[in-house]
Amino acid sequence: DLRTHYASEIKPEELGDEKVSVAGWVHEVRDLGGICFVVIRDRTGRSQVTLVKKKTDPELLDRARKLVRESVVSVTGSVKPEGKAPNGYEVIPDEITLLNEAESPLPMDTTGKVEAELDTRLDSRFIDLRREKTTAIFRIRHEVLRAVRDFLTDKGFIETSSPKVVATATEGGTSLFPITYFDREAFLNQSPQLFKQILMSGGMDRVFEIGPIFRAEEHDTRRHLNEATSIDIEASFCDHFDVMEVLENMVAYIYEQVIENASDSLEVLGVELKVPKVPFKRVTYDEAIEIVNANTDEMLNWGDDLGTSSEHAIGEYVFKETGESHYFIIDWPTEIKPFYAMPYEDNPVLSKGFDMMHRTMELSSGAQRIHIPELLIERIESQGLDPEGFEFYLKAFRYGMPPHAGWGIGCERLVMTMLGTENIRDVVLFPRDRRRLSP
Ligand code: AMO
């Protein structure tokens with residue numbers, strides 16, 4: 001066997017004379033003359049391999065001394081307790097097998113002594129991932145998505161997938177990536193929006209999707225990607241308030257689960273998480289405008305969208321008042337919400353659309369949707385779009401579409417705000433942005 005145990009699994013007191021094999025990357029070779037230490041690193045931690053000159057076959061010792069950092073090896077030997085070694089044991093090797101030798105110098109430092117630029121790290125993500133802090137982020141991302149699946153499954157949602165090659169825009173026509181689909185024009189999908197709504201007409205009742213969304217946004221910011229991961233839900237016989245409740249409870253559950261199942265990764269990152277308190281505060285759009293106008297130099301008019309600095313001002317205001325980072329903005333003007341957001345029946349200038357915010361940025365948008373086809377066509381037209389292009393979607397509204405609501409939350413922003421990373425690219429293995437198309 002190349003590997004019988006992960007580094008963190010080895011317990012000398014349980015093993016006795018049993019031989020083990022550890023496999024991984026050569027983290028460090030420390031040759032002190034009479035004794036040589038080789039530290040092997042795997043996903044779970046480190047093992048120290050100890051070779052005492054007087055007791056070791058010279059040929060094996062020579063091989064150990066010549067190991068190049070970050071090469072891949074498998075080491076077989078017996079285990080002894082050693083308080084000073086990582087994980088409390090050392091391996092006395094019978095055999096060291098070099099499986100793949102690393103070239104040197106490495107494209108970047110892995111020891112953490114020199115902090116590399118994000119761009120350098122992303123160019124050599126495979127090396128960057130050998131740093132504990134980078135791995136910890138993706139371990140936590142896994143826990144976040146596992147929690148999402150558990151939570152939504154438990155609430156009766158079933159996981160679906162929608163096409164990523166599509167014929168129409170959903171979130172505004174300017175930010176689409178056109179592609180060639182045989183001899184036709186097509187686009188990379190901005191959101192599962194239209195498809196998750198069609199599923200409501202199909203009676204699927206409660207669905208969720210975790211998948212890529214594509215936005216051809218030109219701006220190069222710390223919180224925008226051109227390919228992001230969206231967590232979407234859609235639920236029938238629900239209004240916006242029902243799905244807001246699902247959302248806030250899900251976010252709280254995710255935090256709980258990360259604390260419970262990934263505390264070691266949080267520790268590596270030096271992050272202390274606090275579970276957000278539910279219910280999240282509801283701020284109306286009108287109140288949001290007032291907060292901005294009273295607390296900043298900006299003067300917003302009713303009907304304006306909220307920009308980054310406005311979002312920050314509102315976030316700080318809410319945080320001061322509640323001590324919480326998460327909140328909702330509700331009751332938006334219908335005109336600045338997408339065409340599918342339902343206007344209030346008694347006051348149609350306001351819509352049943354909402355945003356879920358973190359102190360620092362928007363995390364999610366959602367709405368109760370329009371389920372009446374005539375109204376939907378009117379809204380599509382009033383946004384300057386051609387209903388003909390939406391025929392495949394509109395059709396689903398004419399033969400029995402229940403009232404429904406849903407939301408989408410960006411997975412990267414969720415992880416980013418949870419961990420307080422400065423740049424969204426930190427939480428994406430292979431980010432896609434204006435400049436970056438590889439790796
Ligand atoms: P929206 O366009 O607000 O809503 O997107 C939902 C959430 O997805 C994330 N997100 C992004 N993250 C990083 N980079 C981007 N370029 C990016 N674009 C979006 C954000 C955002 O809040 N169809 C609706 C959802 C719905 O109503 O169900 C939608 O797509 O966290």
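When a ligand or atom number is given, it counts from 1 through the structure's own listing order.
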*Part of Arg223 within contact of ligand 1 (heavy atoms, under 4.0 Å)*: backbone
_Is the ring pair Tyr253/Phe151 parallel, tilted or perpendicular, if the boundaries are 30 and 60 degrees?_
tilted
*Is the backbone of Gly408 close enough, under 3.5 Å, to the side chain of Ser364 for a donor and an acceptor to pair up by distance?*
yes
*Hey, which atoms in ligand 1 end up nearer than 4.0 Å to a heavy atom of Lys196?*
26 (C), 28 (O)
*asked:* Within ligand 1, which atoms have a heavy atom of Trp407 less than 4.0 Å away?
replied: 26 (C), 28 (O)
*Measure Leu363 to ligand 1 on non-hydrogen atoms and call it side chain, backbone, both or neither using the 4.0 Å cut-off.*
backbone
*Minimum non-hydrogen distance to atom 25 (C) of ligand 1, winning option of Ser365, Ser175, Cys411*: Ser365
*Would you say ligand 1 has an N or O under 3.5 Å from any N or O of Tyr340?*
yes
*Would you check if the distance from the ring center of Tyr344 to the ring center of His240 is below 6.0 Å?*
yes
*Is a side-chain donor or acceptor of Ser201 paired with a backbone partner of Ala396 at a separation under 3.5 angstrom?*
yes
*asked:* Tell me whether Ser230 reaches ligand 1 (any heavy atom closer than 4.0 angstrom to a ligand atom).
replied: no
*Looking at ligand 1, does any of its N/O atoms fall within less than 3.5 Å of an N/O of Asn226?*
no
*So, does Ser71 use its side chain to make a donor-acceptor pair with the main chain of Leu67 at under 3.5 Å?*
no
*Taking heavy atoms and a distance under 4.0 Å, where does Glu412 meet ligand 1: side chain, backbone, both or neither?*
neither
*asked:* Check for me whether Arg359 meets the cation-pi criterion with Phe319, that is, NZ or CZ under 6.0 Å from the six-membered ring centre and within 45 degrees of the ring axis.
replied: yes
*Decide salt bridge (charged side-chain N to carboxylate O under 4.0 Å, His left out) for Asp220 and Arg436; before the verdict, give the C-alpha distance in whole Å, the side-chain angles of both, and the deciding distance to 0.1 Å.*
CA-CA 11 Å; Asp220 187 4; Arg436 194 168 279 285; over 6 Å; no
*Where does the angle between the aromatic ring planes of His358 and His326 fall among parallel (under 30°), tilted (30 to 60°) and perpendicular (over 60°)?*
perpendicular
_Test your reading of the model: is there a side-chain donor-acceptor pair from Arg432 to the backbone of Leu437, 3.5 Å cut-off?_
yes
*Could you list which atoms of ligand 1 come closer than 4.0 Å to a heavy atom of Ser364?*
22 (O)
*Below 4.0 angstrom from a heavy atom of Glu362, which ligand 1 atoms are there? Numbered from 1 as shown, please.*
3 (O), 21 (C), 22 (O), 31 (O)
*Proximity to ligand 1 by part of Arg413, non-hydrogen separation under 4.0 Å*: side chain
*Counting from 1, what ligand 1 atoms have a heavy atom of His224 closer than 4.0 Å?*
14 (N), 16 (N)
*Just say parallel, tilted or perpendicular for the rings of Phe339 and Phe390, cut-offs at 30° and 60°.*
perpendicular
*asked:* I need the contact type for Arg369 against ligand 1. Using non-hydrogen atoms and a strict under-4.0 Å cut-off, is it side chain, backbone, both or neither?
replied: side chain
*Options Arg215, Gln197, Gln190, ranked by nearest heavy atom to atom 2 (O) of ligand 1, top entry*: Arg215
*Could you list the atoms of ligand 1 found under 4.0 angstrom from a heavy atom of Ser191?*
23 (N), 30 (O)
*Heavy-atom contacts with Leu225 under 4.0 Å: which atoms of ligand 1 show up? List them by number with element.*
13 (C), 14 (N), 15 (C), 16 (N)
*Would you please classify the geometry between the Phe280 ring and the Phe328 ring as parallel, tilted or perpendicular, with 30° and 60° separating the classes?*
tilted
*Under 4.0 Å to a heavy atom of Gly410 - the qualifying atoms of ligand 1, by number*: 7 (C), 8 (O), 9 (C), 31 (O)
